[in-house]
Amino acid sequence: MMKFNEITMEHMLKNAPAIIGFARNRTIQWVNYQLLDMFGYKEEDITGKSTRILYDSDEEFERVGSVLYREKKGRGSVFTRWKHIDGDFIDIQLDLNCVNHNDYTEGVIFTAIDIRELKKVEKELRYSKERFSQIFYFSPQIVALSTISEGRYLEVNDAFLKITGYKREEVIGRTVMELNLWAEPEERNKIIALMRQHGAVTNHEIKFRRKNGEVISTLCSMVRIEIDGQDCLLALVVDISERKLMEEKLLKLNEELEQRVTERTRELSIINKELESFCYSVSHDLRAPLRSINGFSLALLEDYSDKVDEEGQDYLQRICRASQKMSDLIDDLLNLSRVTRSVIKLEQVNLSLVADRILKEHFEREKRKNVDFIVCPDIIINGDERLMTIALENLLGNAWKFTSKNDYTRIEFGTMKDKGKTVYFISDNGAGFDMNYGDKLFGPFQRLHSVSDFPGTGIGLATVQRIIHRHGGHIWAEGHTGKGAVFLFYI
Amino acid sequence: MSKKIILLVEDNPDDELLTLRALKKNNIMNDIVVCRNGVEAIDYLFGENDDAPVLPQLILLDLKLPKIDGLEVLRKIRSTEKTRFLPVVVLTSSKEEMDIVESYKLGANSYIQKPVDFSQFIEAVKQLELYWLVMNVSPVNLK
């Protein structure tokens, strides 16, 4: 057999960096150092023994024998494991070649390769594959892998099948065009172009078509990946059909609501106008008969004074006064209703200037002696100019009215801070009022003085309060009988 | 002495009587012509046969008139050559801003709100007469 230099040949084989051995009838004839080293045997322990000693069990010994000698016909490879002298097993790939293919008994040459590392890697790979496979297939959202160029499906997960209604075999290997999956096919090219630009595309709304033809709205995220040198598209798709339905419903509801609001506003504006013209007509029409009542009573007094006695004249005078009062009431009520209905137009208003003008007008009309007006300059607020003017007219008018019996008139309009808020006040040193009845002050038609003392309809303060309230503010008053009054408000 | 006519356009009979009474109280030596609605007023001023009637020195015009209302009458007065300069005082119970603005826009000389208090009314009428008929140089009878 060995025609070479025996020592060199044997030396080579003995020291080869791979396990080599020679067996005959499954009995070890010769092994090299590598086997002894790897498995911890001494030459005398193993030479001449059945290879059975290397195996775990009879079954394994039989199996290997069956595979190599029968299946592979004396020339082949099998995975098995051999026992180390300490009892541990080492996984190997056992390769075998018989010397004479017609007669196995002449012997076989075998090699064994340590495949522990390989097995380890295999295991890790298998584990990894399983892990990622599970992640892919069982991902609750649609995940699909397709080629970029043709849109041919390479892999789709279970969610894909469930939502589209296809079976896996109907999808894999087919293209998106063939399946008619994209409801708007041009979108796919657009997305791919975008992806080329940015590398990935996130949350694009795409419409897909189910197997049954139904179109669903989805949010699609895609990224380009390379697999085996091929440009692929990995897509994550979230079905938002329901969400879109809700969106549409909401939009429609909003539209309806807006329509209703517009309609209502229109209605209200019409009602307001009608009310305005109603108020106007009413007040106008009410004044005419009042004029008659007043006029003819006076005419009677003047022209028939000789025929009417003192008592009768008194009656007629009462009639005159009553009609005048009614006229005032109509004016005030008209004002009050207007204050309620009018639209507030907010702008910067210099209340100091307004107050100055009002007080000056009063003074022009009735030139009293010993008058002090103290108006703090540049009191500027954000409010409706017309309404705030009416409010000041009432408040300052009252101050003027209730100081009419004084020797010295002092009216002040200013501001102060109360708990961080700016409070505006109008004070006078006039007749004042009894604080015990303070809460009645702002009620319409409420008066705390008799008409003979101070004229008035009792609506002025109700009007002022309504104005202040419409500005989101609050008004209150403090007073003492005979010692004047202060009206305070903030807005 | 040329006749000085005051034209009173007023539909309310009470107001008419009271105004006449007030005018009389002030002893105005004028003839007072009363028209009770817009149509009558226009007929009086512009006549049917267009021979110039005697034009009034002063027109006291109420706004709320049946048929043609006061503002219409005012418009017609101001747009006709021969009556264009006649003094028109709008005498009405309305204090509404829009009425005031409209009246002045259409060329009223003055706007007075009829007060409920009659004594005030008499005073107002007296002042009106004093001003328009005595002091003011009338545009009537000028060529």
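The sequence lines fix the lettering, A, B, ..., with proteins before strands; numbering per chain opens at 1.
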Practice problem: Sort out for me which of Thr92(B), Asp15(B), Leu17(B), Asn12(B) touches chain A most, counting heavy-atom pairs under 4.5 Å. | Solution: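 Maximum pair count with chain A is reached by Asp15(B).
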Quiz prompt | Heavy-atom pair with the smallest gap, counting every atom of Val73(B) and Gly38(B) | solution =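 Smallest interatomic distance, heavy atoms only, reads CG2-CA, 3.7 Å.
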Self-check item: Rounded distance (nearest 0.5 Å) linking atom CG of Leu7(B) with atom CG of Leu58(B)
Solution: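 That separation rounds to 8.5 Å.
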Looking at [X], I want to see if its [atom1] is surrounded by more than 12 non-hydrogen atoms of other residues, nucleotides or ligands under 6.0 Å.
| X | atom1 | result |
| --- | --- | --- |
| Asp407(A) | CG | no |
| Lys345(A) | NZ | no |
| Phe278(A) | CZ | no |
| Arg78(B) | CZ | yes |

Part of [X] within contact of chain A (heavy atom distance under 4.5 Å):
| X | answer |
| --- | --- |
| Lys64(B) | side chain |
| Asp99(B) | side chain |
| Gln113(B) | side chain |

Quiz item: What orientation do Phe373(A) and Trp400(A) show, parallel under 30°, tilted 30 to 60°, or perpendicular over 60°?
Solution: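 Plane angle between 30° and 60°, so tilted.
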Quiz item: Under 30°, 30 to 60°, or over 60°: which ring-plane class applies to His469(A) and His474(A), parallel, tilted or perpendicular?
Solution: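 The rings of His469(A) and His474(A) lie parallel, inter-plane angle below 30°.
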Quiz item: For chain B, which residues from residues 301-320 of chain A have at least one heavy atom closer than 4.5 Å to it?
Solution: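 Checking residues 301-320 of chain A against chain B gives Glu302(A), Asp303(A).
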